[in-house]
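As the structure is a prediction and not an experimental result, all values here were calculated from the model. The chains referred to below are lettered A, B, ... by the order of the sequence lines, with proteins before strands, and numbering in each begins at 1.
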Amino acid sequence: MKKQLNPADAMQYIKSGDTLLVGGFGLSGTPLTLIDELVNSDKDNLTVISNNLGEEGKGLGKLLVAGKLKKAKGSYFTTNRDAVKAWSKGELEIELIPQGTMAEAIRCGGAGIGGFYTKTGAGTKLAEGKEEKVIDGETYIFEKAIKGDVAIIKALKADTLGNLIYDKTARNFNPVMATAAKVVIAEVDEIVEAGSFAPEEVVTPHLYVDYVVINQYVKKGGRYVESI
Amino acid sequence: MKKQLNPADAMQYIKSGDTLLVGGFGLSGTPLTLIDELVNSDKDNLTVISNNLGEEGKGLGKLLVAGKLKKAKGSYFTTNRDAVKAWSKGELEIELIPQGTMAEAIRCGGAGIGGFYTKTGAGTKLAEGKEEKVIDGETYIFEKAIKGDVAIIKALKADTLGNLIYDKTARNFNPVMATAAKVVIAEVDEIVEAGSFAPEEVVTPHLYVDYVVINQYVKKGGRYVESI
Amino acid sequence: MSLSDRIKIAKRVAKELKEGEIVNLGVGIPTIIPDYLDDKKVYLQSENGLLGMGPTPCDEDIDMDLISASKKPVSMDPGASLFDSSDSFLMIRGGHIDTAVLGALQVDESGEVANWAVPGETILGVGGAMDLVAGARRMIIASMHLSKDGSPKIVKKLSFPSSGTRKADMIVTEHAVFKFLEGKMYLIEMLSDISIEALREMTDAEFHVLEKNKMKTN
Amino acid sequence: MSLSDRIKIAKRVAKELKEGEIVNLGVGIPTIIPDYLDDKKVYLQSENGLLGMGPTPCDEDIDMDLISASKKPVSMDPGASLFDSSDSFLMIRGGHIDTAVLGALQVDESGEVANWAVPGETILGVGGAMDLVAGARRMIIASMHLSKDGSPKIVKKLSFPSSGTRKADMIVTEHAVFKFLEGKMYLIEMLSDISIEALREMTDAEFHVLEKNKMKTN
């Protein structure tokens, strides 16, 4: 079976200075347990690629205030005031990227595609310095594929091979991130026998997943809360 | 509900000279009923983008011998001797493209991506005349997105909104083709009520599908045979 | 920004949507449009990975793993489908959304939109705004006529950072409806009882007025 | 091309595969490898959209909508998954297949492979060959030592069209096993009782011989 790890043991696969792909849209579909372990670890100087930096004091927001982050790359940080503050003080680098460009660039990173031309952002500040190409009369900008050293993602269930399924809109960036890092650690609520998922049901086939850890949070009132 | 058409009525959306995206890998996942209608129609001068040209006298192979095709673009035509013959006589243009590049180019066509850089084929005959780019030390070649005028695809079932699910490996190119044409006609075995599919089960969301026709073939001994 | 103005704008945009359309609604005024669709069925796409977004659930059904792009709990209509972020933006960027209804900080007289950044302020968020601007088949701007400080939002030329070269098709404010035709901005309808002259005063952009007999007034 | 030679090659490649690997098997000799894996479990990927391909089903279970990339009926192992062609080649091109075992028309002494086209003949098929060459983490060539007309397949320089600049890691023929190390070709094992000199005669490519005490002989 796919190697199941204690959350603490998963930390051996992450090094200071690594680029991490972290799943989630706000807090939904975020690997909260793995993030807590990172907060308590000695890793620092991390670059995080994630749509947001969680919320203030929650999810990736914790990692930020713990001083573990060198840089964040994503689409929307405005609502986390800690992120705005850290950036203003020069304590955090931020690279903004349109949400769809981010999703596509990560998919390309996993797909052996070096880069692509998108319409999104052409003619805007975010296109400054980027190569332009006119294709069939429309202007596109070049975006390079994104890869990570380690992806930490959140799924609903894994089977013993490592196949993953996701919970409703908690899917978000997790499946593409699972394809685009050297090491992929999936945090799940439950591990079931191989063969429990119909072949049509699998969203992330097991070949993308290296390690599985069990989520230590419990869901109450429709949101994950710490179990202790 | 999504407009259900008789196969014959679907022909009004196809014009002579059109570029058609046609689903299928060999005969599996091929819209056999729609192809039969095309064979019996007055359309000609068609460009077909499909992995193969069916088999001799079957699927797209029928359309070829009916003299409807100007050009075929796909990855593997060698096993259909009619295609080899037509090409040798100068009656059919053929453009070869690696299978993965074809899948990716069609996905880009549907995704608002103008083109992409792939490793596949770099340094080969199929890369001649194509732009090269070195990204992080690796050589990639540029491939332009592929779009069609009309996509004719095959799914297992549609719901009344037009959501589609597929049968095992008959899925192949159908989901990407559904995204990349101005008009998309899906041939299905059955239409069920909206809400019959779990939201996780839908492979092609209904916004991609314009018209639905019912497959007139029946499955015997594991393969589709003409019903009459 | 009075509630009745917001409702007026939402109602007018709702009228513009066609039965069966695929619609993506931005933050702010657009989010209340579903309340004014009456019997018209449109399919709401949410860029975090849902087509067929339904209304806010009652408290006991709230699940924060079923949320909108504004991170609010939602429900699913029959026939809904779930997908990942890359497939969601394939839809958006690839021209599969019939109409995006977006707020704006500024729109210029060619229809170019600024809706993500304010000059001089910290710019740390763009979200899916640029993808929607680039990709939706039709873009309707739903916005108050003036910004909070009373300055015109509908301007000659953008002073705020552009969201993309793709232009809006229509603007709906509490006072008026404008359409863009062949690169020019036309007043097509009045929604309040101010005069066209008064409207011109609060609109920095030059606009043409659709011939009187074709134009609706309040 | 005797059946026993084909089996010998398949068995030797099977030995090379590791428990739990993700493997894509090309047409020809590679397709019989699963018969010689004994208790070793590998996961077979088929580029038409299946991971976890199982053995040929019995006649009454044949479904031509569950086929291999060679368009033969197959089955699914527990834990199998289905996906479309773009996701399948994402796997292949993106480096997620541990080992591709492919046939070849020619391999040169640097490991460059030609496996899709014959000069002077009509070239109307490439399939997924180039994607597998470009993307698999390890590429093993499983091939008869000589071509049908008796000419060497393992050559100094390709005279057939290349399948890509990415080089093979290993060649297994009925006579020998070669590995490529730092751009050089090494004989690492003899699989028949011919002499190394005889092997050199039927091999156009220059190869080094691994130190005697490290090399296995038949």
Side-chain angles (χ1 to χ4, degrees), chain B residues 23 25-29 51-53 55 72 74-80 83-84 87-88 94 96-108 110 118-127 138-139 154 156 166-177 203-204 219 221-224, chain D residues 46-50 53 57 59-76 80 82-95 112-114 116-119 121-135 158 160-166:
Chain B
F25 187 87
L27 292 173
S28 178
N51 193 54
N52 317 97
L53 278 179
E55 297 175 3
S75 91
Y76 205 78
F77 303 112
T78 323
T79 44
N80 184 337
V84 179
W87 177 83
S88 311
I94 282 189
L96 263 197
I97 179 169
Q99 198 173 138
T101 301
M102 175 173 154
E104 189 67 16
I106 296 170
R107 184 187 170 282
C108 286
T118 179
K119 300 197 267 197
T120 300
T124 73
K125 258 194 186 342
L126 295 188
E138 271 201 276
T139 302
K154 171 69 175 63
L156 181 63
Y166 299 88
D167 193 9
K168 300 182 280 297
T169 55
R171 188 182 300 195
N172 53 66
F173 288 89
N174 288 296
V176 283
M177 287 181 169
V203 175
T204 295
K219 222 168 185 179
R223 66 182 80 215
Y224 286 105
Chain D
S46 185
E47 60 262 38
N48 53 322
L50 171 61
M53 185 165 66
D59 266 12
E60 57 269 36
D61 288 339
I62 284 178
D63 181 346
M64 293 308 289
D65 287 328
L66 178 55
I67 56 173
S68 68
S70 316
K71 301 181 182 104
K72 300 274 188 295
V74 296
S75 58
M76 291 191 277
L82 294 158
F83 31 84
D84 71 26
S85 300
S86 76
D87 284 339
S88 185
F89 283 93
L90 183 159
M91 276 182 193
I92 289 172
R93 207 179 31 229
E112 191 159 338
V113 175
W116 69 290
V118 176
E121 284 187 24
T122 309
I123 304 178
L124 297 179
V126 60
M130 287 186 184
D131 300 285
L132 284 160
V133 167
L158 296 181
F160 285 26
S162 168
S163 297
T165 49
R166 153 68 192 286

Can you say whether [X] sits under 4.5 Å from chain D via the side chain, the backbone, both, or neither, judging by heavy atoms?
X: B/Ile97; value: backbone
X: B/Asn174; value: neither
X: B/Thr101; value: both
X: B/Tyr224; value: side chain

In Å, rounded to the nearest 0.5 Å, how long is the span from [atom1] of [X] to [atom2] of [Y]?
X: B/Asn172; Y: D/Leu82; atom1: CG; atom2: CG; result: 11.0 Å
X: D/Met64; Y: B/Thr169; atom1: CE; atom2: OG1; result: 9.0 Å
X: B/Thr120; Y: D/Arg93; atom1: OG1; atom2: CZ; result: 5.5 Å
X: B/Phe25; Y: D/Ser85; atom1: CZ; atom2: OG; result: 7.5 Å
X: D/Trp116; Y: B/Lys125; atom1: CH2; atom2: NZ; result: 7.5 Å
X: B/Leu96; Y: D/Leu124; atom1: CG; atom2: CG; result: 6.0 Å

In terms of heavy-atom proximity below 4.5 Å to chain B, should [X] be classed as side chain, backbone, both, or neither?
X: D/Ser163; value: backbone
X: D/Ile123; value: both
X: D/Ile92; value: neither
X: D/Glu47; value: both

| query | Between B/Asn52, B/Leu27, B/Leu126, B/Val84, which shows the greatest number of heavy-atom pairs under 4.5 Å with chain D? | reply |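 Most pairs with chain D among the choices: B/Leu126.
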Would a 4.5 Å heavy-atom cut-off, applied to side chains only, mark [X] and [Y] as touching?
X: B/Gln99; Y: D/Val126; value: no
X: B/Trp87; Y: D/Thr122; value: yes
X: B/Lys119; Y: D/Arg166; value: no
X: D/Phe89; Y: B/Glu104; value: no

Hey, which of [options] has the most heavy atom pairs under 4.5 Å with chain B?
options: D/Ala69, D/Ala114, D/Ala80, D/Ser68; answer: D/Ala69
options: D/Leu132, D/Leu66, D/Thr165; answer: D/Leu66
options: D/Val74, D/Ile67, D/Leu90; answer: D/Ile67
options: D/Val133, D/Asn48, D/Asp87, D/Ile62; answer: D/Asn48

| said: So which atom in B/Arg107 and which in D/Ser86 form the shortest heavy-atom distance, rounded to 0.1 Å? | reply: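 Closest approach of B/Arg107 to D/Ser86: CD-OG, 4.0 Å.
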| task | Write down the atom of B/Pro98, the atom of D/Asp131, and the distance for their closest heavy-atom approach. | result |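 Smallest heavy-atom distance, with atoms named: CB-OD2, 3.7 Å.
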| query | Just by distance, do the side chain of B/Thr124 and the backbone of D/Ser162 share a donor-acceptor pair under 3.5 Å? | reply | no
| Polar side-chain atom of B/Thr78 near backbone of D/Gly125 as donor-acceptor pair, under 3.5 Å |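 It does hold such a pair.
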| query | If you look only at pairs with a residue in residues 64-74 of chain D, which of them pass as a salt bridge (charged side-chain N to carboxylate O under 4.0 Å, His left out), with sequence neighbours excluded? | reply | B/Lys219-D/Asp65
